[in-house]
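A short worksheet on the structure shown next.
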Amino acid sequence: MTPPPGTSPPPRDARIARDLSAWFARSARDLPWRRPLPGHPRRDPYHALVAEVMLQQTQVSRVLEYFPRFIGRFPTPAALAEAGEQQVLAAWAGLGYYRRARLLHHAARAIAADHAGEVPSDPGLLRALPGVGRYTAGALASIVFEHPEPIVDGNVRRVLIRLEGRDLDETPRREEAWAWQRASELVAAAEAPGVFNEALMELGATVCLPSPARPDCPLCPLRTHCRAAELGRQADLPRPKPRARQSVVHHAAVLIRDGRGRLLVEQRPGRGLWAGMWQAPTLESPKPVTAPALARWFGVPRLRRLARFTHHLTHREVRFSVWAQPEGDAPPGAGAPRRFATIRQIAGLPLANPHRRILLEQAGPLSPPRRRAASSA
DNA sequence: CACACGTGGGA
DNA sequence: TTCCCAAGTGT
């Protein structure tokens, strides 16, 4: 985009934008959501929306696995809008942050209802879609529609802080405001805003890496502009953030079969962890439960423990214990929405991720509590 | 606005 | 193996 009359970008910003964009043109990874559809001048806005939502807080390698399948199943906003929430969750299962799937589903319904089935190009309209925040709206507006909108994600933040050698002990809020301001200035200096924005993220994801891996400065197209590199401080910036504490919760999951060998499953509540997904009937508690207490809770005569394992989340550690009711005992009364399901039916449900292991390993014998790495090979 | 929300990869 | 880490959106 050409700058408004009377204002021309600072020469350094223009050189940064030019050098980075040129590097991207020759170094960009070939990713499915970057390919325009055959016979189309630009990439499909709906594909870009799905990809951007999937990429929120999620690594590219993970999204590569899910994106083609999701697009295959829901090829258009209308197809996604008409789908049921359980189908959408099932297509998202294993990808994490499941609220994104619901919000994307709602966004598709809004696109169908309010935008004639077409993803809008206006940044304000994009921002109004469920699950589309400042970053995602900017990414779609710039990358798909070439509006000169700034974007700041984790990669961009790190690249900008190093580029400007910004070593301040400031509040996250202030740093955030600075990064958006700087991103705005730079994108205004770019000839193609979408190319520049995507290049900024690509640089952070492939060259200007976080501290442990360290940036590969000799390969960097911005090394001659970089204040941190000039000072030899590129590995120290940005300063590490204090990490959050982790709490521990206990989930006791019980395997109960009916006379035909089907397993009892229940749906999790509509909010919170693994919202709306399915699991073996589970008692959650801050401390471990004893076998008699668990049997009492589920209203069955007795239970024996089959396995234990720990599932790690960002701010929480979930200690699972898996229990079974001896064959022939009567099933418990209903509490949450529950039903018996065959293994084949269970495999098609949106399962809370740890329960994929708990329930589907029931097709064969459940492995004993993990000890050494003796079992594999 | 501090907090909740998943998962896999790399040191 | 085990520990540490990343960083968008909505409430």
Side-chain angles (χ1 to χ4, degrees), chain A residues 49-66 89 92-107 110 126-140 150-161 171-177 179-180 183 197 200-201 204-206 208-216 235 238-249 251 268-277 279 284 309-318 320 350-357 370-376:
Chain A
L49 170 64
V50 171
E52 285 300 339
V53 174
M54 282 191 173
L55 286 163
Q56 290 168 4
Q57 303 287 285
T58 305
Q59 294 168 337
V60 165
S61 61
R62 216 77 266 282
V63 173
L64 282 174
E65 222 176 288
Y66 282 80
L89 272 180
W92 204 273
L95 197 53
Y97 285 134
Y98 300 98
R99 187 153 64 145
R100 294 181 297 170
R102 295 167 183 274
L103 292 170
L104 179 60
H105 190 207
H106 294 160
L126 286 165
R127 181 69 182 78
L129 295 173
V132 177
R134 191 176 181 185
Y135 161 79
T136 304
L140 293 171
I151 58 168
V152 175
D153 74 340
N155 289 313
V156 173
R157 182 176 297 107
R158 181 173 61 255
V159 169
L160 292 181
I161 284 172
T171 63
R173 189 167 176 72
R174 204 172 159 76
E175 182 196 282
E176 182 83 356
W180 280 97
N197 278 345
L200 210 45
M201 290 191 291
T206 63
C208 196
L209 298 164
S211 303
R214 274 193 249 152
D216 196 355
R239 303 155 74 109
K241 295 163 193 168
R243 62 168 191 272
R245 72 185 184 290
Q246 214 179 32
S247 60
V248 178
V249 292
H251 285 204
R268 293 185 57 83
R271 327 190 78 167
L273 195 61
W274 298 303
M277 304 183 83
Q279 63 183 10
E284 301 180 20
F309 63 92
T310 300
H311 189 86
H312 296 273
L313 291 76
T314 303
H315 299 299
R316 207 182 312 193
E317 182 179 311
V318 186
F320 278 91
L351 291 179
N353 210 34
H355 286 264
R356 186 168 306 279
R357 174 176 168 189
R370 291 171 69 95
R371 312 207 59 83
R372 300 274 171 251
S375 58
S376 53

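Here is the naming used below: chain letters follow the sequence lines, and residue numbers restart at 1 for every chain. What you see is a predicted model, and the numbers here were worked out from it, not measured in a lab. What's counted below: heavy atoms across the whole structure, side chains too, no hydrogens, waters or symmetry copies.
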Tell me: [atom1] of [X] to [atom2] of [N], nearest whole Å?
{"X": "A:W92", "N": "C:dT9", "atom1": "CH2", "atom2": "P", "result": "12 Å"}
{"X": "A:L129", "N": "C:dG8", "atom1": "CG", "atom2": "C1'", "result": "15 Å"}
{"X": "A:E175", "N": "C:dA7", "atom1": "CD", "atom2": "C1'", "result": "11 Å"}
{"X": "A:L209", "N": "C:dA7", "atom1": "CG", "atom2": "P", "result": "10 Å"}
{"X": "A:R174", "N": "B:dC1", "atom1": "CZ", "atom2": "C1'", "result": "18 Å"}
{"X": "A:F309", "N": "C:dT2", "atom1": "CZ", "atom2": "C1'", "result": "18 Å"}
{"X": "A:L126", "N": "C:dT9", "atom1": "CG", "atom2": "P", "result": "12 Å"}
{"X": "A:E52", "N": "C:dA7", "atom1": "CD", "atom2": "P", "result": "14 Å"}

Sugar-phosphate only, base, or nothing, as touched by [X] at under 4.0 Å among non-hydrogen atoms:
{"X": "A:R271", "value": "nothing"}
{"X": "A:P130", "value": "sugar-phosphate"}
{"X": "A:V53", "value": "nothing"}
{"X": "A:L103", "value": "sugar-phosphate"}
{"X": "A:R102", "value": "nothing"}

Got a sec, which residues hit side-chain hydrogen bond (donor to acceptor under 3.5 Å, both in side chains) with A:W274, two or more places apart in sequence or on another chain? none
Among A:D153, A:V156, A:L140, side-chain contact (heavy atoms from CB on, under 4.5 Å) partner for A:Y135: A:D153
Spacing of the [atom1] atoms in [M] and [N] (rounded, Å):
{"N": "C:dC3", "M": "B:dG6", "atom1": "P", "answer": "23 Å"}
{"N": "B:dC3", "M": "C:dA7", "atom1": "C1'", "answer": "14 Å"}
{"N": "B:dG8", "M": "C:dT1", "atom1": "C1'", "answer": "15 Å"}

Nearest heavy atom decides the nucleotide; on that basis, is A:A137 or A:P210 closer to the 5' end of DNA chain C? A:P210
Return each pair, listed once, that meets salt bridge (charged side-chain N to carboxylate O under 4.0 Å, His left out) where at least one residue sits in residues 93-107 of chain A; pairs must be two or more places apart or across chains. A:E85-A:R102
Pairs satisfying salt bridge (charged side-chain N to carboxylate O under 4.0 Å, His left out), at least one member in residues 51-63 of chain A, at least two apart: A:R62-A:E65
Under the salt bridge (charged side-chain N to carboxylate O under 4.0 Å, His left out) test, which residues partner A:R127, sequence neighbours left out? none
With sequence neighbours excluded, tell me which residues meet salt bridge (charged side-chain N to carboxylate O under 4.0 Å, His left out) with A:R239. A:D167
Ignoring backbone atoms, test whether A:R134 places a side-chain nitrogen or oxygen under 4.0 Å from the OP1 or OP2 oxygen of C:dT9. no
Hey, does A:R268 have a side-chain heavy atom less than 4.5 Å from the side chain of A:L273? yes
Scan nucleotides 6-11 of chain B nucleotide by nucleotide, 5' to 3', and note B when protein non-hydrogen atoms come under 4.0 Å of the base, S if they reach only the sugar-phosphate, - if neither. BBSS-S
Donor + acceptor pair across side chains of A:T136, A:Q56 (<3.5 Å): yes
